[in-house]
Amino acid sequence: METDVLVIGAGNAAMCAALAAREQGARVLVLEKSSKKERGGNSAFTAGAIRVAYRGIEDLLQLIPDLTEEEMANTDFGSYTEDQYFDDLCRVTQDRIDPELASILASQSFDTLRWMCKHNVRFAPIYGRQAFKVNGKFSFWGGLTIEAVGGGPGLVQSLHEAAEREGISVLYHARAIELLCDDDGVRGVRVLWEGKSTEIIAKSVVLAAGGFQSNLEMRTRYLGPGWEFAKVRGTRFNTGDALQMALKIGARPFGHWSGCHAVGWDRNAPEFGDLVVGDGFQKHSYPFGIMVNAMGERFLDEGADFRNYTYAKYGREILNQPGQFAWQIFDQKVRHLLRDEYRIRQVTKVTAPTLEELANKLEGVDHYKFLVTVKQFNQSIRTEIPFNPNVKDGRCTVGLSIPKSNWANPMDQGPYEAYAVTCGITFTFGGLKINGHGEVLNEDEKPIPGLYAAGEIVGGLFYFNYPGGSGLAAGAVFGKRAGECAGRLAVMKS
Ligand SMILES: Cc1cc2nc3c(=O)[nH]c(=O)nc-3n(C[C@H](O)[C@H](O)[C@H](O)COP(=O)(O)OP(=O)(O)OC[C@H]3O[C@@H](n4cnc5c(N)ncnc54)[C@H](O)[C@@H]3O)c2cc1C
């Protein structure tokens, strides 16, 4: 078999790369390890939230042309500038992010989403999750304003439909296992297709096959002891194959190889993601309650920042607790603020009219210590500061060894609700080094001719933490760039 551009993976980054390469006039073939039904990798598990820079409503209207007059009148969409995007990327990654990649992501996000719209990807405001109604008006917060219509499955479906329209074929059950290369660079891939080994020759290859979070051995080797106990939030197919293939031919490893995106995830969720439940096992309303461990103690600042800037690192904190679990506790005052995921059927939840009764129901928790923790927490709150979920309200605790910096409310109105969580790993941060064109660099920082990468397989973007919605944005931005360059190269070679 032979093609111009071969794309490995069929998630968001891969399909953006495939479409961009096709626009250059190249013949494109996509290889996907899973069945057609399970296609779309982690991208299909998302809610489709995507971080984009915009100057205001005029820009948003280009991405969401069907925004209604009523929505515009009732909503403060604010703005999210390229500078804010860049600053957020640097801030949450403790300034370790590759500045060139950060700058490209922030500055190209809007144009890339506009380009996706041309391929019939549709976007909508994320009212349910990113805006609370205060004084009759919705207000967006945390730099995350839009989502793909239909969430992750909708996004994957739209991209695959666009690929079909453009004559791009996808081979399913096709697992890339080796890069074919010689002194002139990469010239194809060895594939296990429906169990049989075969070679596919290509003028350029784009690796977009995700990270290694679903490979228990690699996870434990690189992230460290204990990570074998994490549950995988998304696809079981991202096992680091393409990463290993690239490293084997001298690609340079880059980024935070012992780091990953991991969140609070239902304690009884299955070992891998379930497409029917999607991201419903996550429990992300902790900024409005408290989280306690087996010793009945709080162990992190639930209100350190908007959830968009803390959730991706708190999974690791939960994994580090005895028994790798925690309980999130809420009282009636904040119940209406809980996200939809708290109301799914597959939830590990207990309720009780009083704190004492709740304490008895918190499996694995020191009951007495839990009650002491709540008492001390309730007494420490600066209640004179008004509560406002749309802003970092500064309503904090004083005098606690582990503070709560915003949205602190006394736990005093039953019935109380508690949700058991463990660590759910989303994706790994370590990956390959690329340049701004998406070319994969070798140990000497020189491009490996014919080899490109995009998406979770890229290293150097995320360290320690991650601003919500930037995974899909990065996949789209760098997928498009890698596809354009791979397509141009292939056409030049033809
Ligand atoms: C539950 C959940 C919710 C999330 N929510 C969001 C969100 O709302 N917003 C956001 O920005 N990010 C979110 N993320 C993160 C986001 O999913 C990823 O950052 C992004 O989708 C990665 O895209 P990708 O194309 O790099 O990888 P993927 O979408 O994972 O695609 C990789 C593909 O490669 C295939 N593959 C793997 N190995 C091989 C091989 N050897 N040969 C052939 N094919 C192979 C896989 O089967 C898969 O289809 C979420 C993730 C999860 C799990």
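Remember, it's 1-based here, ligands and their atoms both numbered in the order they're listed. By convention here, the first residue in the shown sequence is residue 1.
From the protein, the heavy atom lying nearest to atom 21 (O) of ligand 1 is S43 OG, 2.9 Å. The protein heavy-atom contact nearest to atom 18 (C) of ligand 1 is E456 OE2, 3.0 Å. The nearest heavy-atom contact from the protein to atom 39 (C) of ligand 1 is K33 CD, 3.6 Å. Nearest protein heavy-atom contact of atom 14 (N) of ligand 1 is T46 CG2, 3.5 Å. Of the protein's heavy atoms, T426 CG2, 3.5 Å lies nearest to atom 52 (C) of ligand 1.
Less than 6.0 angstrom separates the ring centroid of Y85 from the ring centroid of Y80. Y286 has its ring centre no less than 6.0 Å from the ring centre of W407.
Residue R175 places a heavy atom less than 4.0 Å from ligand 1. For the ligand labelled ligand 1, residue A44 lies outside the 4.0 Å heavy-atom shell. Proximity of G469 to ligand 1 is established by a heavy-atom distance of less than 4.0 Å. Look at N238 and you'll find a heavy atom under 4.0 Å from some atom of ligand 1. Within the 4.0 Å heavy-atom cutoff, G48 counts among the residues contacting ligand 1.
Among S35, G234, A49, the residue whose heavy atom sits closest to atom 9 (N) of ligand 1 is A49. Nearest-residue assignment for atom 43 (C) of ligand 1 (options A242, A174, A209; heavy-atom criterion): A174.
E2 and K203 are joined by a salt bridge, as a carboxylate oxygen and a charged side-chain nitrogen come within less than 4.0 angstrom of each other. Electrostatic pairing of K313 and E317 does not count as a salt bridge here, judged by no charged N lying under 4.0 Å from a carboxylate O.
S197 and R190 share a donor-acceptor pair across their side chains, judged by distance under 3.5 Å alone. For the residue pair E161/N120, the side-chain donor-acceptor check at 3.5 Å is not satisfied.
Counting heavy atoms closer than 4.0 Å to ligand 1, residue Y466 contributes side-chain atoms (C-beta onward) but none from N, CA, C or O. Only the side chain of D241 comes within contact range of ligand 1, with a heavy atom under 4.0 Å; no backbone atom does. At a 4.0 Å heavy-atom cut-off, ligand 1 touches S470 through the backbone alone. Only the backbone of A208 comes within 4.0 Å of ligand 1, counting heavy atoms alone; no side-chain atom from C-beta on gets that close.
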